[in-house]
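For reference, the structure discussed in these notes is given below.
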Amino acid sequence: MSLGCMSNIAKTIEAVWKIESTRLIAAIARVTRDIGIAEELAQDALVTALEVWPEEGIPDNPAAWLMKAARRRAIDSLRRGRMLVQKHEELARELEWQEQRLGDALEHSLDQVIDDDVLRLIFTACHPVLAVEGRIALTLRLIGGLTTAEIARAFLVPEKTLGQRISRAKKTLSEAHVPFETPSGDELRRRVESVLLVVYLIFNEGYTATEGDEWMRAALSEEALRLGRMLRQLLPGESEVHALVALMELQGSRERARRGKNGQAVLLPDQDRSLWDHAQIQRGMTALEQAQRLGGGAKPYALQAAIAACHMRARTAEETDWDRIVLLYDALLQINPSPIVALNRAVAVGMVQGPAAGLDAVDAAAALAGDSALPGYHLFPSVRGDLLMKMGRLAEAREEIQRAMAMTKNLREQELLANRLKQLEKADFSG
Amino acid sequence: MPQYLVAGYLPDDFDPSQMDEAVGREIHALNKEMIAAGVRKFACGLGAAKSLRGQADGGVLITDGPYLEAKEHIGGFWILECADMDEALAWARKGVAATRGQVEVREIFFNPAPD
């Protein structure tokens with residue numbers, strides 16, 4: 001092995017881990033029936049690899065090597081437990097038998113690992129018994145193969161906090177005796193929803209970068225897309241899986257157009273559409289068609305993807321089919337009567353029926369929010385400010401935009417709002 | 001996400017009917033694994049090559065056999081979507097193990113849009 005290769009060995013191990021860890025954990029979990037233990041054994045195997053591989057080189061079959069190391073650790077820990085009960089001969093025999101069985105089972109589990117194991121792993125990591133943030137962390141860790149440090153960096157929490165979050169989630173799963181299985185029937189629907197929510201939250205965390213490490217956040221969006229594509233292979237009959245992939249592809253295709261030369265945010269109407277990734281748009285459209293073919297066109301992710309598709313089809317902002325967008329939001333609002341959906345609908349209504357109608361719709365959306373929901377949701381005053389500006393009610397518009405500025409911590413958002421204020425001042429002066 | 005060409009090389013006189021059954025099974029398993037991991041965009045095995053050479057008079061000469069003279073030629077390839085070259089290499093490593101052959105990895109630098 002050349003020196004050049006030696007210096008890259010850590011990166012090689014990392015890459016091997018990224019592609020092998022999911023199946024490794026899934027295969028061990030099939031035997032241990034506990035994804036927490038499976039993850040620890042796999043992690044131990046990785047630690048051993050990090051010690052041994054730089055010395056001895058990458059083995060021909062890294063997955064089998066890691067499995068063997070995990071198996072050794074499993075038997076070791078069984079033995080350690082056995083030391084405590086050595087005195088009882090019967091128990092010792094029982095343990096010996098267990099040890100043999102565990103060893104055999106692990107020996108063969110990697111050969112038989114099938115997509116179902118990976119699917120079981122995803123369903124277990126996204127189990128509704130866990131808090132949403134626990135599901136996200138566990139999914140990135142177990143299926144995404146991300147390190148605790150990477151996940152912590154992406155979510156701007158201390159590594160220790162993230163580590164605790166993961167161990168708490170594993171403990172909850174273990175205590176709730178969550179079975180390592182793919183649910184069926186009605187339960188499947190509910191559980192697929194939870195998985196999709198987790199994937200979409202990961203995507204959004206990356207996509208709507210509120211603050212922090214942009215590189216890590218881009219990695220999150222890509223990871224979410226990969227999870228989505230993986231799920232599509234595993235659950236090809238679920239229309240909403242295709243729809244979520246469509247939604248993420250269509251939103252992701254605008255990535256290059258969302259930042260200006262100086263890194264400032266560029267909103268949809270002002271984006272240079274030639275920067276959109278047309279191959280990705282094509283993939284998104286195909287996925288959306290698949291969701292619709294499966295009869296899921298009226299489900300939440302399909303509707304959101306259809307709205308995104310309306311934007312992507314328009315060659316200029318003026319060509320956007322806002323009538324259709326309002327209809328799609330109407331349908332979405334029926335299934336998901338959330339203030340955010342209502343606010344987005346209000347923007348579309350403003351485009352179709354004019355700013356006064358839009359303003360009424362914003363107020364209706366705010367009423368839907370009531371007092372409790374969305375404290376600090378700066379988009380309400382921001383949209384209101386926009387509409388008031390179009391109506392020429394400049395003093396009120398200025399007030400709303402200032403209110404929005406006070407409500408967001410995101411520097412890019414503040415920049416956008418500050419620009420809006422400048423425009424207002426100009427309009428005021430010339431008017 | 002970048003895409004990579006992972007091309008497998010076979011000896012010139014390769015005869016698929018003589019391929020070890022275990023190799024076939026392993027390649028099949030690797031393909032399933034790539035699909036389950038969401039990285040595989042495309043995969044194929046290639047048939048015999050015809051070569052086309054432009055002539056000085058502007059005509060084209062078609063001959064049997066690959067264009068380059070070598071002992072081994074591309075027998076099939078994967079198009080994979082990976083986070084980076086390291087991940088593509090990790091998959092290619094598995095490709096080497098499954099095919100018992102030689103594998104070459106190249107990043108696909110551009111991918112013209114259909115319109």
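To find a chain, count down the sequence lines: A is the first, B the second, and so on, and within it residues start at 1. Quick caveat: nothing in here was measured; it's all calculated off a predicted structure.
Residues of residues 84-99 of chain B having a heavy atom under 4.5 Å from any heavy atom of chain A, listed by number: B:Asp86, B:Glu87, B:Ala90, B:Trp91, B:Arg93, B:Lys94, B:Ala97. Taking non-hydrogen atoms and a 4.5 Å limit, the residue list of residues 41-67 of chain B in contact with chain A, ordered by number, reads B:Lys41.
Using a cut-off of 4.0 Å between Lys/Arg side-chain N and Asp/Glu carboxylate O, B:Glu81 and A:Arg226 are scored as not salt-bridged.
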message: Evaluate A:Gln233 against B:Met34 for side-chain contact (heavy atoms from CB on, under 4.5 Å), listing each step before the verdict.
response: CA-CA 10 Å; A:Gln233 298 292 345; B:Met34 286 170 170; over 6 Å; no
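Around CG of A:Asp272, the count of heavy atoms belonging to other residues, nucleotides or ligands within 6.0 Å exceeds 12. Around atom CZ of B:Arg106, no more than 12 heavy atoms belonging to other residues, nucleotides or ligands sit under 6.0 Å away.
Between B:Cys82 atom SG and A:Lys18 atom NZ the span is 10.0 Å, to the nearest 0.5 Å.
Neither the backbone nor the side chain of A:Glu223 comes within contact range of chain B, judged by heavy atoms closer than 4.5 Å.
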